[in-house]
Amino acid sequence: MSRALLMVVALAAVHGLTGVDATMVATCLAAANSDRRVNYDFCVSELNKHRDSPGADTPGLAKVAANVGVNSAGGAVNDIEALLAAKQPPPDARTSAALRLCEQLYYDMELAFAGAYDEINALNYTAGKQMAADADSLVRRCTGGFAEAGLVPPEPVARRSAYAVQIAIVCTAITNLIISP
């Protein structure tokens, strides 16, 4: 076991991840190995930014990912509200409709990530995993709304959507590690 931990710490050093908790590195590596959609570098980088990551175990890191998702979804709502309120140039009717759909979906995503956090905290990992997967589905519906309207999402929405998909995948994969070690 100590040999495996030493390898994880060495891997972190090779990737230039000084100050990164070995449990987080090992958890992100296990998540990436169990789910090919997990971007290992994203997992480590984003979880490392959160104050609760150092010393967190796998369930704690799943909660961190859910919390990051809540915060990201809230930021997306703020960005969308700013786009809807823009005066120069104001969004056209199709863009406004797609933005309003995304605004509602991001509100729902905040609730999904918050629910995932609560379920993981209550040790109901299967429900937490499902709620994180629901968040992934909601963001895909947002980008799909723009596609159906024949539009490209504005940059803040595209950026937030790409981030939300990744953090939902990370949360789902880490929670799955608890369910199926």
Side-chain angles (χ1 to χ4, degrees), residues 1-76 105-106 109-144 153 157-181:
M1 182 63 160
S2 63
R3 194 172 182 189
L5 185 58
L6 184 59
M7 287 180 58
V8 168
V9 172
L11 179 65
V14 167
H15 284 284
L17 302 171
T18 57
V20 175
D21 185 70
T23 302
M24 181 183 25
V25 169
T27 300
C28 287
L29 185 60
N33 286 337
S34 70
D35 185 336
R36 63 179 176 74
R37 301 171 305 153
V38 172
N39 178 321
Y40 168 80
D41 292 329
F42 175 89
C43 180
V44 171
S45 172
E46 295 309 305
L47 296 185
N48 190 47
K49 293 175 186 176
H50 196 279
R51 69 184 178 279
D52 293 338
S53 288
D57 59 3
T58 302
L61 291 170
K63 291 190 310 185
V64 165
N67 186 258
V68 169
V70 169
N71 295 335
S72 175
L105 291 169
Y106 272 99
M109 193 183 315
E110 278 185 287
L111 295 174
F113 276 122
Y117 182 98
D118 290 344
E119 293 296 348
I120 294 164
N121 196 47
L123 310 181
N124 189 353
Y125 301 121
T126 302
K129 175 185 164 185
Q130 183 57 54
M131 295 189 104
D134 290 347
D136 181 20
S137 173
L138 291 166
V139 72
R140 291 176 193 278
R141 285 178 50 204
C142 169
T143 55
V157 175
R159 180 176 33 82
R160 292 284 189 174
S161 294
Y163 187 94
V165 166
Q166 281 300 306
I167 201 64
I169 288 169
V170 166
C171 185
T172 302
I174 291 174
T175 306
N176 198 47
L177 293 174
I178 304 162
I179 298 167
S180 307

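FYI, the numbering just counts along the sequence from 1. Below, all heavy atoms of this structure are taken into account, side chains as well, without hydrogens, waters or symmetry copies. What you see is a predicted model; the values in this text were computed from it and never measured.
- A search for side-chain contact (heavy atoms from CB on, under 4.5 Å) contacts involving Ala133 returns Gln130, Thr172, not counting sequence neighbours.
- Taking 4.5 Å as the limit, some side-chain heavy atom of Thr58 sits within range of a side-chain heavy atom of Ile174.
- Sorted by first then second residue, the disulfide bond (SG atoms under 2.5 Å apart) pairs that include residues 23-60, not counting sequence neighbours, are Cys28-Cys43.
- For the atom pair CD1 (Ile120) and OG1 (Thr126), the distance works out to 10.5 Å, reported to the nearest 0.5 Å.
- From Asn71, atom CG reaches atom CD1 of Ile167 across 10.0 Å, with rounding to the nearest 0.5 Å.
- Contact record, Thr175 with Gly128: CG2-C, 4.4 Å, taken as the closest heavy-atom pair.
- Put simply, the side chain of Ser180 never gets that close to the backbone of Leu177: no donor and acceptor are under 3.5 Å apart.
- Taking both residues in full, the closest heavy atoms of Ala164 and Met109 are given as CB-SD, 3.8 Å, listed atom of the first, atom of the second, then distance.
- Taking Phe42 as the reference, Tyr163 meet the ring pair (Phe, Tyr, Trp, His ring centres under 6.0 Å) condition, with sequence neighbours excluded.
- Atoms CG and CG, from Asp35 and Asn33 in turn, are 10.5 Å apart once rounded to the nearest 0.5 Å.
- Annotation for Ala62 and Cys171: closest pair O-SG, 3.6 Å, computed over non-hydrogen atoms.
- With Ser72 contributing its side chain and Val68 its backbone, the two residues share no donor-acceptor pair below 3.5 Å.
- Sorted by first then second residue, the salt bridge (Lys or Arg N to Asp or Glu O under 4.0 Å) pairs that include residues 47-74, not counting sequence neighbours, are Glu46-Lys49.
- Considering every non-hydrogen atom in both Ala73 and Glu110, the closest pair reads CB-CG, 3.5 Å.
- For the pair Arg141 and Leu138, the minimum side-chain heavy-atom distance is below 4.5 Å.
- Sorted by first and then second residue, the salt bridge (Lys or Arg N to Asp or Glu O under 4.0 Å) pairs involving residues 114-139 (not counting sequence neighbours) are Arg37-Asp136, Asp136-Arg140.
- In this view, Tyr106 and Ser161 satisfy the side chain to side chain donor-acceptor pair (under 3.5 Å) rule, not counting sequence neighbours.
- The two residues Val157 and Cys142 have their closest heavy-atom pair at CG1-SG, 3.9 Å.
- Of all non-hydrogen atoms in Ala132 and Ala168, the two that sit nearest each other are O-CB, 3.7 Å.
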